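To keep things clear, I will list the structure first and then write my remarks on it.
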Amino acid sequence: MASSTAKWLREAGILGMNSRNAEYIMAYNQRSAFPSVDDKLITKVLAARHDIPTPELYHVIENHGHIEGFESALGEHRAFALKPARGSGGSGIVLVCDRTVQGFVKQNGQIISREDFTYHISDILAGIHSLEALEDKALIEALVRPAPVFASVTYEGVPDIRIIAYRGVPVMAMVRLPTKASDGKANIHRGALGAGVDMGKGVTLRAVHGSEIVNRHPDTGNPVTGIQIPSWGDMLLTAAKGIDMTGLGYLGVDMVIDEERGPLMLEMNARPGLQIQMANGAGLRKRLLQIDQAPPGIFSSPETRVEWAAEMFAVGER
């Protein structure tokens with residue numbers, strides 16, 4: 001049974017974690033370039049240089065002495081997102097939709113007292129939510145108001161789009177849809193649903209929830225297939241620019257669609273997970289090999305890389 005499973009995985013072109021680490025992350029991502037994506041503040045600066053839109057940065061809290069008075073720094077902004085600069089997997093993020101006398105109101109209506117909120121900021125600065133548990137900074141940025149395109153298949157939170165790019169070529173994508181199980185967060189390992197995407201058309205395909213293949217959202221009951229993602233070409237172009245922006249040859253690019261500003265880049269990841277293969281019902285390895293065998297001319301610009309990927313990785317052309 002084990003040998004037959006291994007054979008099926010090879011034939012399907014499934015990329016395993018060890019191969020991903022050794023053949024792609026270690027081979028194409030120099031350690032010196034990791035800070036460009038591991039630190040969200042650095043990522044924002046680089047994105048601005050490459051004309052890649054991101055949520056507006058309101059304030060940075062760099063040490064415990066800067067916690068007091070952060071509300072004054074927010075001015076009239078009542079809604080915001082608090083994030084660890086070096087956080088991962090959604091850890092430590094708090095989305096605030098309003099400020100009241102009682103405290104900070106989350107999207108689910110829960111109120112966090114100012115004392116508890118201050119403690120949480122202190123935890124962020126201490127590195128509790130950061131990579132390698134290093135001391136960190138707390139970023140306060142504009143709260144994304146998601147466009148209604150995924151409203152029928154989202155529970156409370158903000159859906160996002162993960163695109164994996166290799167050598168500057170967008171190779172595979174999925175939409176991550178918050179669920180009740182994920183507490184409204186768009187993180188697959190927390191229980192969010194991942195829907196594959198036709199790279200050519202930007203239309204959602206089947207989805208995966210945990211280890212199950214599904215066609216409907218577990219909470220809303222609405223179909224997750226056949227949803228046209230707006231500005232799909234712009235998102236692919238952002239993913240293609242990732243290598244020029246960071247120097248990383250293998251990375252994940254996370255996007256959101258704001259109702260006013262359109263596609264925004266949330267963050268980039270030098271170690272993107274592999275669940276995206278289940279969501280798409282397709283293997284990454286096969287596509288990565290196709291990129292290695294592509295004509296040299298396609299790598300001349302982000303636009304040529306996107307054009308080639310959209311044609312090569314459209315459904316039915318794997």
Side-chain angles (χ1 to χ4, degrees), residues 9 12-29 31 33-34 36-40 43 83-84 86-93 129-132 157-167 169-179 181-197 199 204-214 218 224 229 235-236 238-239 242-243 246 248-256 265-289 291 309 313:
L9 291 173
I14 300 298
L15 181 68
M17 185 173 294
N18 290 339
S19 295
R20 179 204 64 172
N21 293 345
E23 298 174 32
Y24 297 100
I25 293 179
M26 292 179 63
Y28 289 92
N29 292 352
R31 293 291 302 182
F34 274 46
S36 64
V37 295
D38 285 348
D39 188 317
K40 294 179 179 63
T43 305
K83 299 180 178 182
R86 292 179 51 80
S88 64
S91 179
I93 295 177
H129 302 285
S130 73
L131 294 164
E132 302 173 355
V158 180
D160 66 22
I161 298 94
R162 159 68 60 86
I163 303 175
I164 290 183
Y166 170 56
R167 296 177 60 189
V169 180
V171 60
M172 193 172 286
M174 69 174 169
V175 180
R176 300 186 296 191
L177 301 166
T179 65
S182 70
D183 191 29
K185 292 183 171 61
N187 299 100
I188 299 297
H189 71 278
R190 290 174 179 262
L193 181 150
V197 180
M199 294 295 285
T204 56
L205 307 171
R206 72 175 199 171
V208 62
H209 187 219
S211 59
E212 296 185 9
I213 304 301
V214 299
V224 297
I229 302 173
M235 293 192 201
L236 292 181
T238 293
I243 188 172
T246 66
L248 295 169
Y250 186 86
L251 79 166
V253 180
D254 295 341
M255 308 281 298
V256 292
M265 191 272 291
L266 273 187
E267 59 183 67
M268 294 185 176
N269 192 323
R271 317 163 190 82
L274 297 169
Q275 306 98 325
I276 195 170
Q277 298 176 107
M278 293 181 62
N280 282 273
L284 271 168
R285 179 182 292 279
K286 183 178 294 186
R287 296 189 183 187
L288 297 174
L289 291 175
I291 292 172
F313 302 135

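No experiment lies behind these values; they were computed from the predicted model shown. Keep in mind that the numbers below use all heavy atoms, side chains included, and drop hydrogens, waters and symmetry copies.
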Can any side-chain N or O of S182 pair as donor or acceptor with the backbone N or O of P178 at less than 3.5 Å?
no
I161 and V256: side-chain contact (heavy atoms from CB on, under 4.5 Å), yes or no, with the steps?
CA-CA 6 Å; I161 298 94; V256 292; over 6 Å; no
Check ring-ring contact (aromatic ring centres under 6.0 Å, His included) between Y166 and all other residues, then give those that pass, not counting sequence neighbours.
Y24, Y28
Partners passing salt bridge (Lys or Arg N to Asp or Glu O under 4.0 Å) against R167 (at least two apart in sequence or in another chain):
D292
What pairs with R86 under salt bridge (Lys or Arg N to Asp or Glu O under 4.0 Å), at least two apart in sequence or on another chain?
none
Point-to-point distance, once rounded to the nearest 0.5 Å, from CD of Q277 to CD1 of I14
4.5 Å
Smallest heavy-atom separation, A282 atom then R287 atom, equals CB-NH2, 4.0 Å
Scanning both residues in full, the closest heavy-atom pair of P159 with A186 reads CA-CB, 4.5 Å
Tell me, please, which residues at least two apart from A173 pass side chain to side chain contact (heavy atoms under 4.5 Å, CB included).
I163, V197, M199, W232
Residues V169 and A309: closest non-hydrogen pair is CG1-CB, 3.7 Å
A207 versus V224, closest heavy-atom pair with distance
CB-CG2, 3.6 Å
Side-chain donor-acceptor contacts of residues 265-276 below 3.5 Å, not counting sequence neighbours, with atom names and distances?
from, atom 1, to, atom 2, distance (Å)
N269, OD1, R271, N, 2.6
R271, NH1, D38, OD1, 3.1
R271, NH2, D38, OD2, 3.1

Rounded to the nearest 0.5 Å, what's the gap from OG on S36 to CG on L248? Could you check?
4.5 Å
Tell me, do R176 and L193 make a side-chain contact under 4.5 Å, heavy atoms counted?
no
Heavy-atom distance under 4.5 Å between the side chains of M172 and F313, does that happen here?
no
Can you find a heavy atom in the side chain of L251 that is under 4.5 Å from one in the side chain of I164?
no
K83 side, atom NZ; I93 side, atom CD1 - distance, nearest 0.5 Å
5.0 Å
Got a second to check how far S211's OG is from M278's CE, nearest 0.5 Å?
6.5 Å
A22 versus M26, closest heavy-atom pair with distance
O-CB, 3.9 Å
Under 3.5 Å: donor-acceptor pair, side chain of D160, backbone of M255
no
Once you round to the nearest 0.5 Å, how far does OG of S91 lie from NE2 of H129?
5.0 Å
Is there a donor-acceptor pair closer than 3.5 Å between any side-chain N or O of S130 and the backbone N or O of G87?
no
Which heavy atom of T179 sits nearest a heavy atom of P218, and at what distance?
CG2-CG, 4.0 Å
Contacts of H209 that satisfy ring-ring contact (aromatic ring centres under 6.0 Å, His included) - sequence neighbours left out:
none
Roughly how far, to the nearest 0.5 Å, is CG of L288 from OG of S19?
10.5 Å
